[in-house]
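Reviewing the structure listed below.
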Amino acid sequence: MAERPEDLNLPNAVITRIIKEALPDGVNISKEARSAISRAASVFVLYATSCANNFAMKGKRKTLNAGDVLSAMEEMEFQRFVAPLKESLEVYRREQKGKKEARKDKDKKADSEEQDKSREEDNDDDDDRMEEEEQNDEEEVDN
Amino acid sequence: GTENRLVSLPRSRIRVIMKSSPEVSSINQDALFLTAKATELFVQYLATYSYKHGRGKEKNALTYTDLSHTAEECETFQFLADILPKKILASKYLKMLEKEKRDGEVREDNEEGEEEEDEDKAVGDSVGS
């Protein structure tokens with residue numbers, strides 16, 4: 001699947017909202033500033049991925065895991081993110097667990113097609129949906 | 001804003017960016033979530049830091065220059081320096097190019113006299129040599 005250049009960008013609307021919520025009310029954000037932050041965010045993802053991947057390789061693993069990302073944050077001097085990330089991860093894992101259990105009940109219905117999608121990685125959903133993706137069937141083995 | 005969702009950035013898009021790295025084979029679900037969440041924290045941090053330390057706030061704004069300053073002055077954000085270059089006046093840039101050309105070439109077939117008007121909007125245009 002070839003990436004078009006715009007695929008490496010994050011949705012403007014979401015970026016704008018995150019910025020607005022972080023800054024005091026009423027602060028104007030120039031279009032140039034917004035675009036710059038969006039690009040910076042993409043670069044951040046690349047940098048974090050590369051860093052996390054180094055940790056995975058050190059551990060002789062081919063799959064990036066949560067620990068790798070957290071280690072990357074420390075390495076990149078974003079230690080301040082580690083605690084909030086860990087908290088969010090807890091919540092996320094609980095949610096996932098809850099969803100799994102809910103799905104077990106739905107299993108009786110004809111949901112079996114979703115189970116055939118790839119296990120290790122996320123499905124490619126609609127890019128710009130704001131809601132959390134609820135129907136992903138991501139059964140991870142390792143952690 | 002509502003805090004109902006755990007992370008706002010679309011994970012599928014984050015995944016596309018991550019996978020554009022050739023060395024990456026696969027990404028587990030937790031790692032993807034954390035990367036998305038970390039990116040949000042990053043956006044917040046970059047915005048607030050730049051606003052706090054920049055001059056845009058004198059006009060109640062966050063400007064590109066604020067961001068560019070952050071990349072240059074704060075070590076944590078230095079990895080952004082290349083994509084957030086400082087802006088300079090067009091006239092200065094053109095003069096820089098001219099100078100490089102002069103320094104680089106032995107021949108002198110370029111006009112020495114730069115009498116052209118530059119298309120700057122800035123008022124205080126520096127009139128160089």
Side-chain angles (χ1 to χ4, degrees), chain A residues 3 7-8 10-11 14-15 17-19 21-23 26-30 32-33 36-37 39-50 52-53 62-66 68-70 73 77-78 81 84-85 88-89 91-92 120-122 124-125 127-133 138 140 142-143, chain B residues 1 4-21 23-48 50-51 56-57 59-68 70-71 75-77 79-80 82-84 87:
Chain A
E3 294 127 9
D7 284 341
L8 300 181
L10 295 161
V14 182
I15 294 283
R17 180 156 49 82
I18 298 171
I19 299 170
E21 287 176 358
L23 294 176
V27 173
N28 286 321
I29 304 137
S30 72
E32 220 183 347
I37 293 180
R39 277 179 290 128
S42 297
V43 170
F44 173 83
V45 174
L46 288 170
Y47 183 17
T49 301
S50 169
N53 196 53
K62 288 201 166 166
T63 305
L64 293 191
N65 65 25
D68 298 329
V69 177
L70 293 171
M73 292 301 119
E77 294 181 38
F78 289 110
F81 293 171
L85 283 176
S88 298
L89 185 60
V91 180
Y92 175 70
E120 278 208 331
E121 297 174 0
D122 261 2
D124 284 333
D125 299 308
D127 285 338
D128 294 310
R129 275 192 309 138
M130 304 288 200
E131 297 102 3
E132 289 199 71
E133 293 117 343
E138 300 145 350
E140 287 307 324
D142 67 322
N143 215 3
Chain B
N4 279 338
R5 66 191 119 237
L6 214 41
V7 62
S8 309
L9 290 168
R11 263 166 285 171
S12 50
R13 193 75 69 88
I14 297 276
R15 184 174 167 270
V16 167
I17 302 172
M18 292 176 88
K19 293 280 278 181
S20 72
S21 264
E23 334 85 54
V24 172
S25 325
S26 52
I27 305 151
N28 102 0
Q29 194 191 345
D30 286 350
L32 181 60
F33 168 78
L34 282 181
T35 304
K37 188 72 190 165
T39 307
E40 272 186 31
L41 296 177
F42 169 79
V43 168
Q44 290 167 351
Y45 186 25
L46 176 61
T48 50
S50 301
Y51 181 70
K57 66 175 172 299
K59 304 215 165 115
N60 205 36
L62 177 67
T63 65
Y64 174 86
T65 303
D66 296 336
L67 298 167
S68 173
T70 295
E75 214 184 284
T76 311
F77 291 105
F79 70 97
L80 297 172
D82 285 344
I83 61 150
L84 299 177
K87 290 198 291 187

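Everything quoted here is computed from the prediction, not taken from an experiment. Protein chains get the first letters and strands the later ones, always in sequence-line order, with residue 1 at the start of each.
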Q.
Within the structure provided, determine whether A/N28 and B/L62 are in side-chain contact (heavy-atom separation under 4.5 Å).
A. no

Q) Step by step, would you call B/V24 with A/K62 a side chain to side chain contact (heavy atoms under 4.5 Å, CB included)? A) CA-CA 8 Å; B/V24 172; A/K62 288 201 166 166; over 6 Å; no

Q) Got a donor-acceptor contact below 3.5 angstrom from the A/N65 side chain to the B/D30 backbone? A) no

Q | Derivation of the salt bridge (Lys or Arg N to Asp or Glu O under 4.0 Å) call for B/K87 and A/E32 | A | CA-CA 12 Å; B/K87 290 198 291 187; A/E32 220 183 347; 3.4 Å; yes

**Q.** Proximity breakdown for B/I14 and chain A, heavy-atom pairs closer than 4.5 Å
**A.** both

Q: Compare every heavy atom of A/I37 with every heavy atom of B/A47, then report the nearest pair and how far apart it is.
A: CB-CD1, 4.2 Å

**Q.** Residues B/I27, A/T63; criterion side chain to side chain contact (heavy atoms under 4.5 Å, CB included); working and verdict
**A.** CA-CA 5 Å; B/I27 305 151; A/T63 305; 5.8 Å; no

Q.
How close do B/A31 and A/A66 get, counting heavy atoms only, and between which atoms?
A. CB-N, 4.1 Å

Q: Quick one: pull up CG in A/L8 and CZ in B/R13 and give me the separation to the nearest 0.5 Å.
A: 9.0 Å

(Q) Please determine whether a side-chain nitrogen of the Lys or Arg among B/E40 and A/R17 lies less than 4.0 Å from a carboxylate oxygen of the Asp or Glu. (A) no

**Q.** Steps toward side chain to side chain contact (heavy atoms under 4.5 Å, CB included) verdict (A/V27, B/K57)
**A.** CA-CA 8 Å; A/V27 173; B/K57 66 175 172 299; over 6 Å; no

Q) Parallel, tilted or perpendicular for A/Y92 and B/F33, by the 30°/60° rule? A) parallel

Q: May I ask you to check whether B/T63 and A/S30 show a side-chain donor-acceptor distance below 3.5 Å?
A: no

Q: To the nearest 0.5 Å, tell me how far B/M18 CE sits from A/L46 CG.
A: 9.5 Å

Q: Could you tell me the separation between the OG1 atom of B/T48 and the CG atom of A/L23, rounded to the nearest 0.5 Å?
A: 7.0 Å

Q | chain A contact via B/L46 - side chain, backbone, both or neither, heavy atoms under 4.5 Å | A | side chain

Q | Choice from A/A48, A/A52, A/A40, A/A41 maximising heavy atom contacts with chain B below 4.5 Å | A | A/A40

Q | Test log, rule side chain to side chain contact (heavy atoms under 4.5 Å, CB included), inputs A/V69 and B/L32 | A | CA-CA 9 Å; A/V69 177; B/L32 181 60; over 6 Å; no

(Q) At a 4.5 Å cut-off on heavy atoms, which part of B/I83 comes close to chain A: side chain, backbone, both, or neither? (A) both

Q) How far apart are the closest heavy atoms of A/G26 and B/N60, and which atoms are they? A) O-ND2, 3.1 Å

Q. Looking at side-chain heavy atoms only, is the closest gap between A/L10 and B/V43 below 4.5 Å?
A. no

Q: Mind checking the OG1-CG spacing from B/T35 to A/L85? Nearest 0.5 Å is all I need.
A: 9.0 Å

(Q) I need the residue from A/I19, A/T49, A/V91, A/L70 with the largest number of non-hydrogen atom pairs under 4.5 Å to chain B. (A) A/T49

Q. Checking B/L80 against chain A: side chain, backbone, both or neither under 4.5 Å from a heavy atom?
A. side chain

Q) Between B/F42 and A/F44, how do the two ring planes meet: parallel, tilted or perpendicular, split at 30° and 60°? A) parallel

**Q.** Which portion of A/D68 sits near chain B, non-hydrogen atoms under 4.5 angstrom
**A.** neither

Q: Tell me, out of B/A38, B/S50, B/A71, B/S21, who's got the most heavy-atom pairs with chain A below 4.5 Å.
A: B/A38

Q: Could you check which of A/N53, A/I15, A/I29 has the highest count of heavy-atom pairs closer than 4.5 Å to chain B?
A: A/N53

